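In what follows, a single structure is set out as structure tokens and then discussed.
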Amino acid sequence: MDAFFAAIEQLRRPELRGRPVVVGGDGDPRKRGVVSTASYEARRYGIRSAMPLRHALRACPHAVFLPVDFETYRAYSARLMALLREYTPLVEPVSLDEAFLDCSHRTEDPLALAREIQARIRAELGLTASIGIGPNKLVAKIAANLQKPEGLTMISAEEVEERLRPLPVQVLWGVGPKTAAYLKQTHNIETVGDLQALPLAVLQETLGPRHGEDLYRLCRGEDDSPVVTAWEPKSYSRETTFQVDVRRRETLVRTVRALGREVWAECVREDGYRVRTVTVKVRYHTFRTQTRALTLPQATDDLDLLLRTAVDLLHRHTLDRPVRLVGVRFSGLARPPTEGAAASPSQTDLVGAQPAFLDTSRRTASRTSS
DNA sequence: TCTGGGGTCCTTATCCTC
DNA sequence: TCTGGAGGATAAGGACCC
């Protein structure tokens, strides 16, 4: 979807159409937070996702700043995904505003099919989508990003290597700013074509056996990953950045306990998992981030034990400098042992089979603590 | 001066067992 | 008894994704 959050805000508040709209944080650009989505009007001022709100304010003081309203975006997302599932049951939601569709069973012209989907999204949701068509997920995703907004790009299997060649390496999965800079520095690589020229052995030597081989295939547009419709979470977490850095241990303890309760409510009470590993994250004012983790002898649903563990882990941090963020994560998830018969597969498969942010029934957890 | 929050996955180090 | 793998589990950090 194009500028999804901002487009929804402009849709429900017509007076915002044509104006620069920035969605992020709690909507106050003088406070700590980053841009979630900028409307295309705001992007003209250089405003981008992940940019600090204060920077966005400086770049465009007359922009309209709005808080993130996940509840509403989730509702639009549910309608979008339902619409997509009319075309194929094989829909893999990547986030609220993005999905892969496996349409390999469909026989009509792919471009005509994509145009129909775009038209229906526009007519029924009032929003625009960009679509990429390719022989696999990687190529479809790259294609979708080539033309926006409301773009439509198809890359056939025969054209893949050639179409990818001129693109910057960062279009490939797993290549972010660090890896891109490293490839440039070590082998003067900037484009996917540069990468295609590198032998497998050199890539593996540069990036490690696993990542090297992945990239060797990805830069040729090779990707056999399936469209996955069901999904089990591996961890649940909550973290919070303080508006002002905190020195008092008491405040940190209180916040860790509050975050722990929130994670427990979602992970254990709502989704029915037991937890083996607790991790507490601390980010100091310097932005140095440290984690301390403990794996319990066995998985538990005991709130008191989990909170005590979290507080113990907090105290294993030095906490000798001002703290800007604390977080709590539960992982090593297990299902409680079922009495009598083995666990019913249907239940095992259904519960938690969707990312939490896609669950339309879920209440929005409070993201502000202390 | 600034740098959110929710995740996944990989690498490396270390400890332990066989 | 000592030494040296192999391999699993755990812990910590970091890159990356939306």
Side-chain angles (χ1 to χ4, degrees), chain A residues 1 3-5 23-37 48-59 67-68 70 73 77 93-100 137 141 144-145 170-182 207-215 225 228 231-243 245 259 262-263 266-267 276-297 313 316-317 324-333 352 354-359 362 364-369:
Chain A
M1 301 298 288
F4 190 54
F5 296 177
V23 180
D26 70 355
D28 183 345
R30 292 161 303 184
K31 300 214 297 206
R32 283 179 169 170
V34 298
V35 176
S36 282
T37 314
R48 295 287 180 275
S49 294
M51 172 185 275
L53 287 176
R54 290 182 222 228
H55 288 191
L57 178 63
R58 222 175 302 146
V68 182
F70 275 109
Y73 311 149
S77 179
V94 178
S95 62
L96 284 180
D97 75 327
E98 189 176 332
F100 289 107
K137 285 162 66 174
K141 163 96 184 172
N145 285 321
Q170 290 214 48
V171 304
L172 301 175
W173 284 333
V175 182
K178 299 282 183 181
T179 307
Y182 189 64
L207 299 170
R210 184 89 179 238
H211 198 187
E213 192 188 329
D214 283 349
L215 223 48
S225 64
V228 175
W231 181 86
E232 280 275 332
K234 305 264 190 307
S235 67
Y236 290 71
S237 68
R238 283 284 184 284
E239 60 186 55
T240 189
T241 295
F242 298 108
Q243 279 305 318
D245 298 341
L259 294 171
E262 287 183 19
V263 190
E266 187 180 340
C267 171
R276 262 199 86 198
T277 304
V278 180
T279 305
V280 170
K281 172 156 110 176
V282 169
R283 176 171 291 156
Y284 292 100
H285 71 305
T286 54
F287 226 69
R288 175 161 177 83
T289 306
Q290 292 184 316
T291 60
R292 292 293 178 264
L294 182 73
T295 298
L296 301 164
L313 287 164
R316 279 181 43 195
H317 288 83
R324 66 174 286 137
L325 168 150
V326 289
V328 176
R329 180 164 72 244
F330 290 172
S331 57
L333 306 180
Q354 258 191 353
F357 55 79
L358 297 175
D359 181 351
R362 189 179 305 277
T364 29
S366 158
R367 297 187 194 282
T368 51
S369 60

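Each chain gets a letter, A, B and so on, in the order the sequences are listed, and its residues count up from 1. Model, not experiment: these values are computed from the prediction.
Counting only N and O atoms by type, the side chains of A:Arg324 and A:Thr241 include no donor and acceptor under 3.5 Å apart.
In this model, the phosphate group of B:dG6 is approached by a side-chain N or O of A:Arg238 to a distance below 4.0 Å at OP1 or OP2. Using a 4.0 Å cut-off, no side-chain N or O of A:Arg316 falls inside it from OP1 or OP2 of C:dA11. Residue A:Arg276 has no polar side-chain atom (N or O) positioned under 4.0 Å from OP1 or OP2 of C:dA9. One finds a side-chain N or O of A:Thr179 lying less than 4.0 angstrom from the OP1 or OP2 phosphate oxygen of C:dC16. Within the 4.0 Å cut-off from OP1 or OP2 of C:dA11, not a single side-chain nitrogen or oxygen of A:Thr291 is found.
Between A:Trp173 and A:Phe100, the two ring planes are perpendicular [angle over 60°; tilted spans 30° to 60°].
For the pair A:Ser49 and A:Ser235, both in contact range of DNA chain B, the more 5′-proximal nearest nucleotide belongs to A:Ser49. Mapping A:Val35 and A:Gly208 onto DNA chain B by nearest heavy atom places A:Val35 closer to the 5' end of the strand. If A:Thr277 and A:His211 are placed on DNA chain C by their nearest nucleotide, the residue sitting closer to the 5' end is A:Thr277.
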At a cut-off of 3.5 Å, list every protein nitrogen or oxygen paired with a nitrogen or oxygen from nucleotides 15-18 of chain B, distance to 0.1 Å.
none

Restricting to nitrogen or oxygen on both sides, can you table the protein-nucleotides 1-3 of chain B pairs closer than 3.5 Å?
none

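Look at C:dC2: its glycosidic torsion is beyond 90° from 0, and that puts it in the anti range. With its glycosidic angle more than 90° from 0, C:dT1 adopts the anti conformation.
Nucleotides C:dC17 and B:dT3 are separated by 23 Å at their P atoms, to the nearest Å. Taking atom P in both C:dC18 and B:dC2, the straight-line distance is 28 Å, to the nearest Å.
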